[in-house]
A.B. asks: 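Quick one: the structure is below, questions incoming.
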Amino acid sequence: MTALKDIPVYTDEGRLTAVAFYGERLGRWLLHLPLPSWDRWLADRGKNHFDLEDPDGARVSVEVKMANNKDRLVLYADQIEHQLSEPSFPIEDRFILIFHYKNQGPGILVPKRHGTGTYLHHPRLLREKGGKTWTSLSRFLSSGIYRADLVDIEILKRWIERNGTYEFARYGRCNPYRENFPPRRVASFTRTHIRELVLDTRAGLTALGFGNAEIARWLPPGAQRTLPRRITTSLDGHPLDFECTFLLPNGVKNRILRRLNGSVSRMPASPHRPLRA
């Protein structure tokens, strides 16, 4: 069995695979679920429509995504379709758990490849600071995660119905790995859209076609938004401290908050307080 210290993170592709592994470990850690080994995780990866299930605790199925502040948020439409097709018994509540981490370094002026002059370049911190060991990568991600968003799958369903999808190729036209990652349809759902839904949840749900009776499951009478929380915990010996937002019905959110592995505290309730991108 591959020990954590021996996980291969020597290449860009290896680091991205390890980042996904870290995200699932963190999701499981927060819900008090057993942490997978590297070998078992690789063997089981992609076999199920959701990354983890917690039938006896929070009673949820969860898809975990690791997103960063340099690249767009990518949610594949066919994956969401498969997740929606899952039987709703015995687990009725399903959501996407998105961990956001800092990957955009300070801007530096570099010469243009063609012509003269310079342009402002923001290097990728994962490549520069993530290191080539699991310990350094885990430390980098733990210090870089600044927010987690929990988004109910029903929101994504209605978003796609109203706003459609677009074709996306992860590695771009000229990348040599392109043939291994053919273009796929993704939801036109961005970090900005998440912020807008969090800051004015009632208006956002109304725009998506949720009726008053449905919205009553998400918000108390008169409330305009769900309140974020501050989560403090640690994983692999590295501390984490991040904001957590909930685009979930109240019952699901309360079960998650009672289940969370770590310290949960309230944050300022002002609807005008901007969320970090």
Side-chain angles (χ1 to χ4, degrees), residues 1-46 51-52 62-74 96-110 120-150 170-172 175-177 180-181 191 230-245 260-264 275-277:
M1 179 181 294
T2 303
L4 288 178
K5 66 181 181 62
D6 297 323
I7 291 176
V9 292
Y10 320 120
T11 65
D12 288 346
E13 190 171 1
R15 276 188 290 271
L16 289 176
T17 302
V19 166
F21 177 61
Y22 178 94
E24 183 166 333
R25 280 172 56 82
L26 179 55
R28 288 179 172 274
W29 173 259
L30 290 174
L31 291 175
H32 292 273
L33 296 174
L35 302 185
S37 68
W38 172 255
D39 302 285
R40 175 54 60 188
W41 180 78
L42 285 179
D44 293 342
R45 191 183 187 194
D51 290 320
L52 57 93
V62 184
E63 173 70 19
V64 181
K65 298 290 186 183
M66 291 290 287
N68 69 81
N69 63 347
K70 186 171 176 63
D71 299 309
R72 74 184 73 186
L73 175 63
V74 177
I96 310 296
L97 169 57
I98 308 168
F99 292 114
H100 302 267
Y101 67 94
K102 299 173 185 176
N103 191 31
Q104 180 166 288
I108 55 175
L109 290 175
V110 297
L120 189 63
H121 170 66
H122 292 273
R124 294 181 179 277
L125 296 178
L126 177 62
R127 178 180 296 175
E128 292 192 352
K129 306 293 186 181
K132 295 185 177 182
T133 67
W134 172 259
T135 298
S136 62
L137 180 68
S138 179
R139 183 187 305 114
F140 165 78
L141 292 172
S142 298
S143 64
I145 290 178
Y146 59 90
R147 196 175 80 241
D149 296 317
L150 285 67
R170 177 165 296 279
Y171 283 100
N175 193 289
Y177 298 107
N180 297 325
F181 296 88
R191 291 188 296 271
R230 173 66 60 187
I231 309 299
T232 304
T233 186
S234 64
L235 179 63
D236 297 330
H238 305 306
L240 292 103
D241 184 8
F242 55 89
E243 183 176 28
C244 191
T245 70
L260 276 177
N261 186 2
S263 173
V264 181
L275 295 169
R276 285 182 286 178

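Quick caveat, the model's predicted, so the values are computed rather than measured. Just so you know, these numbers use all the heavy atoms, side chains as well, and skip hydrogens, waters and symmetry mates.
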A.B. asks: What is the minimum heavy-atom distance between Pro106 and His122, and which atoms define it?
C.D. replies: C-ND1, 3.8 Å
A.B. asks: Which pair of non-hydrogen atoms, one from Asn69 and one from Asn103, has the smallest distance, and what is that distance?
C.D. replies: OD1-N, 2.7 Å
A.B. asks: Could you work out, with salt bridge (charged side-chain N to carboxylate O under 4.0 Å, His left out) as the rule, every residue matching Asp236, not counting sequence neighbours?
C.D. replies: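 Scan of Asp236 (salt bridge (charged side-chain N to carboxylate O under 4.0 Å, His left out), adjacent residues dropped) gives Arg25.
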A.B. asks: Quick one: CD1 on Ile96 to CG on Leu150, what's the gap to the nearest 0.5 Å?
C.D. replies: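 Spacing of CD1 (Ile96) from CG (Leu150) equals 10.0 Å.
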A.B. asks: Could you give the distance from CZ (Phe140) to NZ (Lys102), rounded to the nearest 0.5 Å?
C.D. replies: 10.0 Å
A.B. asks: Could you pull out the closest heavy-atom pair between Gly27 and Leu97, with the gap in Å?
C.D. replies: CA-CD2, 4.1 Å
A.B. asks: So which atom in Arg28 and which in Pro36 form the shortest heavy-atom distance, rounded to 0.1 Å?
C.D. replies: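 So the minimum-distance heavy-atom pair works out to CD-CD, 3.4 Å.
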A.B. asks: Whether the side chain of Ser138 engages the backbone of Trp134 through a donor-acceptor N/O pair (distance < 3.5 Å, no angle test) should be reported.
C.D. replies: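 Not confirmed, Ser138 side chain does not pair with Trp134 backbone.
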A.B. asks: Checking Val264 now: which residues fulfil side-chain contact (heavy atoms from CB on, under 4.5 Å) with it, not counting sequence neighbours?
C.D. replies: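 Partners of Val264 by the side-chain contact (heavy atoms from CB on, under 4.5 Å) criterion, ordered by chain and then number, come out as Arg229, Ile231, Leu257, Leu260.
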A.B. asks: State which residues pass ring-ring contact (aromatic ring centres under 6.0 Å, His included) with Tyr22; sequence neighbours excluded, sorted by chain then number.
C.D. replies: none
A.B. asks: Measuring from Leu26:CG to Met66:CE, what's the distance to the nearest 0.5 Å?
C.D. replies: 7.5 Å
A.B. asks: Kindly compute the distance separating CD1 (Ile7) from CH2 (Trp38), expressed to the nearest 0.5 Å.
C.D. replies: 5.5 Å
A.B. asks: Any side-chain heavy-atom pair from Leu4 and Phe21 closer than 4.5 angstrom?
C.D. replies: yes
A.B. asks: What residues form a side-chain contact (heavy atoms from CB on, under 4.5 Å) with Ala67, not counting sequence neighbours?
C.D. replies: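 Partners of Ala67 under the side-chain contact (heavy atoms from CB on, under 4.5 Å) test: Leu73, Ile98, His100.
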A.B. asks: With rounding to the nearest 0.5 Å, note down the distance linking CG in Leu240 to OG1 in Thr233.
C.D. replies: 6.5 Å
A.B. asks: Is any side-chain heavy atom of Leu141 closer than 4.5 Å to a side-chain heavy atom of Phe99?
C.D. replies: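 In short, these two side chains do not touch, never coming nearer than 4.5 Å.
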A.B. asks: Please name the pair of heavy atoms, one in His238 and one in Ser142, separated by the smallest distance, quoted to 0.1 Å.
C.D. replies: CB-OG, 3.4 Å
A.B. asks: Mind checking whether Arg72 and Val74 have side chains closer than 4.5 Å, heavy atoms only?
C.D. replies: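 Of all side-chain heavy-atom pairs linking Val74 with Arg72, at least one is under 4.5 Å.
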A.B. asks: Under the rule for side-chain hydrogen bond (donor to acceptor under 3.5 Å, both in side chains), what residues qualify as partners of Asp71, not counting sequence neighbours?
C.D. replies: Asn68, Arg124
A.B. asks: For Ala148 and Phe242, which heavy atoms make the closest approach, and how far apart are they?
C.D. replies: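 In terms of heavy atoms, the two residues are closest at CB-CE1, 3.8 Å.
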A.B. asks: Extract all donor-acceptor atom pairs below 3.5 Å that involve side chains of residues 125-133 and protein atoms in other chains or at least two apart in sequence.
C.D. replies:
unit_1	atom_1	unit_2	atom_2	d
Arg127	NE	Asp12	OD1	3.4
Arg127	NH2	Asp12	OD2	2.7
Thr133	OG1	Ser136	N	3.1
Thr133	OG1	Ser136	OG	3.0

A.B. asks: The criterion is ring-ring contact (aromatic ring centres under 6.0 Å, His included); which residues satisfy it with Trp29, sequence neighbours excluded?
C.D. replies: none
A.B. asks: Using side-chain contact (heavy atoms from CB on, under 4.5 Å) as the criterion, list what pairs up with Ser263, not counting sequence neighbours.
C.D. replies: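 Listed in chain order: Thr232.
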A.B. asks: Check whether any side-chain heavy atom of Trp41 sits under 4.5 Å from a side-chain heavy atom of Thr17, and report yes or no.
C.D. replies: yes
A.B. asks: side-chain contact (heavy atoms from CB on, under 4.5 Å) with Asp51: which residues, sequence neighbours excluded?
C.D. replies: Glu24, Glu63, Val64
A.B. asks: My understanding is that only residues two or more places apart in sequence, or in another chain, count here; which of them pass side-chain hydrogen bond (donor to acceptor under 3.5 Å, both in side chains) with Thr135?
C.D. replies: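 For Thr135 there are no side-chain hydrogen bond (donor to acceptor under 3.5 Å, both in side chains) partners, ignoring immediate neighbours.
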A.B. asks: List the residues meeting side-chain hydrogen bond (donor to acceptor under 3.5 Å, both in side chains) with Arg45, not counting sequence neighbours, and say none if there are none.
C.D. replies: none
A.B. asks: Quick check against the 3.5 Å criterion: does Asn261 have a side-chain atom that pairs as donor or acceptor with the backbone of His32?
C.D. replies: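 Here the side-chain-to-backbone pair does not exist.
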